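Only one structure is covered here, and it is reproduced in the block below.
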Protein chains: 2
Amino acid sequence: MDKQTITIYDVAREANVSMATVSRVVNGNPNVKPATRQRVLKVIEELDYRPNAVARGLASKKTTTVGVIIPDVSNIFFASLARGIDDVATMYKYNIILANSDESGQKEVQVLNNLLAKQVDGLIYMGHTLSDDVRAKFSRSKTPVVLAGTIDPDEQVGSVNIDYKEASRFVVDKLVKDGNEKVAFISGSMDYSINRDYRLEGYKAALKENHLPYDESLIFATDYSYKAGESLWAKLTAIGATAAYVVDDELAVGVLNGMLDHGMSVPEDFQIITSNNTILTEMVRPKLTSISQPLYDMGAVAMRLLTKMMNKEEIEEKTILLPYDMIERNSTN
Amino acid sequence: MDKQTITIYDVAREANVSMATVSRVVNGNPNVKPATRQRVLKVIEELDYRPNAVARGLASKKTTTVGVIIPDVSNIFFASLARGIDDVATMYKYNIILANSDESGQKEVQVLNNLLAKQVDGLIYMGHTLSDDVRAKFSRSKTPVVLAGTIDPDEQVGSVNIDYKEASRFVVDKLVKDGNEKVAFISGSMDYSINRDYRLEGYKAALKENHLPYDESLIFATDYSYKAGESLWAKLTAIGATAAYVVDDELAVGVLNGMLDHGMSVPEDFQIITSNNTILTEMVRPKLTSISQPLYDMGAVAMRLLTKMMNKEEIEEKTILLPYDMIERNSTN
DNA sequence: CTGTTAGCGCATTCAC
DNA sequence: GTGAATGCGCTAACAG
C-alpha cells in the first residue's frame, strides 16, 4: 500500500553523490560541478523523483503556501479577487489554501488557527468587515497578512482597495448633477465599516457639495442579495426617490428587476449606479452603469504585496489604493 | 525574527510528562490517565500550543489536505462545485489547495506535480475534458482522485455528475413537443467528450424519438462565452431555428440578449433552454428555463466520496450520477 | 565543489 | 499508563 516513494537518498545512491549534492541541484545552488549536476538531473528524471514538500517545509520552515480566507468562493466578487491572487501566487511559486468563512467570526477564528497550524507563509483575508478577534490574532501572529478588497481602519496590516469614499462621492455627484434630488443609498449592513465609514460618507459629501439635505429615510441597509433588492421598489417609489447608488451588483440587479417588474422604466423613472462591475451588469437589460473596481488586479496586487512581505523586502506603502473608474451604461442618463 | 514557536517538548516539560504523552492527548489516544490528560490540556491552553501540521504530516504521512484542480474559480459553475467541496472538506477536517488550470493541459500537469509534491491526501479534478496526460498521471499515482462535474469515459477514477445525455434528451424532447421542428444545439467545443458523446447524443436521441431528421447545420460549436452567444442570432434566424438547447448559461444569456437586441421576442419567436441553472438564469428577462444540476451537491458528494477513498473504505459505486431537474421559466412556452 | 552531521516537530513502536 | 528512542525526507551549517 506504500506508494513508490522515491527519496533524495535514492537519487544520491544512483548518482553516486551525497544527498547534500542532490539537494543542491534541486535547489539550484550554483556550487555544483556542471558534470555532476547533469548526472544528478538525469537520475532525477529516470526515477521520476519529486522532492517532498512537507519534509522540505519542516526543514526550511517555509511551506510556499499561503492561506486565503474568503467569505464565499461562489460569490463572483470574491472569486474574481481569488483568481488574481492565485495567478500571482503561481507566478511566485506559491500555492493557495482556500478557506470559506461565511463571514462568521467563529468560523474565521477556527479557519485561521487551522491555517496557522499548517504553517502558511502568509495570509490574505477577504471579507466585508474585520472582527476584533481576527484583528487581534493578526497582530499577535508573525505571519504577514494582506487584506484584499477589505477595509481595516487600523491599517495595521497590508491592504489593497480602491478609494471607496471617493468613488461613492463621485457617482452620487453624477446622479445629483443629472437632476436627481432624492438619491437613495442602498447598502448592506451598516455594521460594516466599508459601508458606514466610507461609502456613506462619500454619499453625504456629494450631497453636501450640491447643497442637498441628508435624509435618513433614503438610506437602506439590507443584505447583499438579489431578493432583498427585488423587494425594495415599493419603498423607493413611495418615498419619491428617483435614483439610487447601490453597493453590490446582485442587490442592484434585484432593485432593477423589482422596478421593471412593477411597471417602472429605467432609466426614465429611476436611475441606478452599482458598485462592482461584475459581468452581471452587462447581462441585464438595461445594462447597469457601475463603478468599476479592478477586482482581478486587486487580488493580484494583494498577493504581490504579500510576497514582498514574506520575503522581508522593504515596503514603501502597505496600504494600497488602486484607481477606480465609472462605466456608463444604460441605467443612467 | 523567529516566531514564538511552541513545540510539543515545551508542553511536555511544563506538564511534567513525556512528549509521547502530549502527543497522545493531542491525538485523542485513550491510553492516558484522565488526571494527566487534564494537566496536559491545561498546559496546552496556557501556552497556546498548536501542533505543527507540517511536522505531523511528515511523521504520519498524512497532510489532511486535498488538492482541487479547477479551470477557473471566477467561473460561477465551478465555483459552486468548489463551495460544496470545501464545506464537506471542512466537515471532515481537510483543507483545500485550490489551483486554477485554465483547462490548459500543460498547466494541469504542472499543477498536478505540484499538488503531489505537497503530499495531498487526495485530488478532486474539474474540467470540461480530461487530457491523456492527466489521466495517465492519475492512474499511475496512488493518490485517490475524484472528478466533479467532469466526464471520463474510462471510469477509472471516481466521479460525480448528472446523466448529461438523458438530461439533454429530456429538454430537447420538450422543445420538440412544444412544436419546434428546428431546434439548435449550441455547445462549446466538440472536442469535449461531455458535449460530443453525451449531450449531442441526447439531442440526437430526442430527434429520433420524434421522427425528426438530424441536421448538422443546427449544431453550433463555439466557446463558452457571453460574446460568442450574442453573435449567434443572425445564423440562427437565417437557418430558421425556432428554439435552442444551450449547454452553458453565459452562452445562453448571450444568445438571449443577441435575439432581444435585434428585435426578436423570447419565447414567442425563439425558445431557449440552458443547462446550469446558475443565478444568471433568474437575473435576465425573460428568465431562462434551465436544466438544474445540483452543483453544490455534486461538489459535496465528490468530496464525500474522496474521504471514503482516502480512508480506504469500501466504495459501493464510484461513478455517481445525481438527479437533475428542469426548471421552467419564461424562455419556453 | 562535495560529503557529514544535525536537527525541523511530531507519530509511533517498543519497553517498563 | 507512560517514557525513551527512532525516523519521516529534507535543509543548512560545517568540514574538508
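Keep in mind that what you see is a predicted model, and the values were worked out from it rather than measured. Proteins get letters first, then strands, A, B, ... in listed order; numbering begins at 1 in each. No hydrogens, no waters, no symmetry mates; every other heavy atom, side chains included, goes into these values.
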Below 4.0 Å: OP1/OP2 of D:dC8 and any side-chain N or O of A:Tyr9: no
Contact under 4.0 Å: A:Asn31 side-chain N or O vs C:dT2 OP1/OP2: no
Short side-chain N/O contact from B:Thr21 to OP1 or OP2 of D:dG3, under 4.0 Å: yes
OP1 or OP2 of D:dC8 under 4.0 Å from side-chain N/O of A:Asn52: no
Minimum-distance pair of heavy atoms, taken over all atoms of B:Val73 and B:Ala79: O-CB, 3.3 Å
Pairwise 5' ranking along DNA chain D for B:Ser60 and B:Met19, keeping only the more 5' one: B:Met19
Presence of A:Lys61 side-chain N/O under 4.0 Å of C:dG9 phosphate oxygens OP1/OP2: yes
Parallel, tilted or perpendicular: rings of B:Tyr192 and B:His128 (30°, 60°): parallel
Expected output: side-chain A:Ser141 to main-chain A:Lys137 donor-acceptor under 3.5 Å: no
B:Arg56 side-chain N/O to C:dG9 phosphate OP1/OP2 under 4.0 Å: no
Side-chain N,O (B:Ser23) to OP1/OP2 (C:dA11) below 4.0 Å: yes
Touch class at under 4.0 angstrom, heavy-atom based, for A:Val17 against every strand present: sugar-phosphate
For atom CD of A:Gln119 and atom C1' of C:dG9, their distance in whole Å: 9 Å
Under-4.0 Å side-chain N/O to phosphate OP1/OP2 contact, B:Thr7 with C:dG9: no
Proximal nucleotide (of D:dT2, D:dA4, D:dC10) relative to the A:Pro51 side chain: D:dC10
Given DNA chain C, 5'-ward residue of the pair B:Lys62 and A:Asn29, judged by closest heavy atom: A:Asn29
Out of C:dC10, C:dT2, D:dG3, whichever nucleotide has its closest atom nearest the side chain of B:Ala20: D:dG3
Test item: A:Glu317 side-chain N/O and A:Thr319 main-chain N/O as donor-acceptor pair under 3.5 Å: yes
Distance below 4.0 Å between B:Thr36 side-chain N/O and D:dG1 OP1 or OP2: no
Base of C:dG3 paired with side chain of A:Arg24 (donor-acceptor, under 3.5 Å): yes
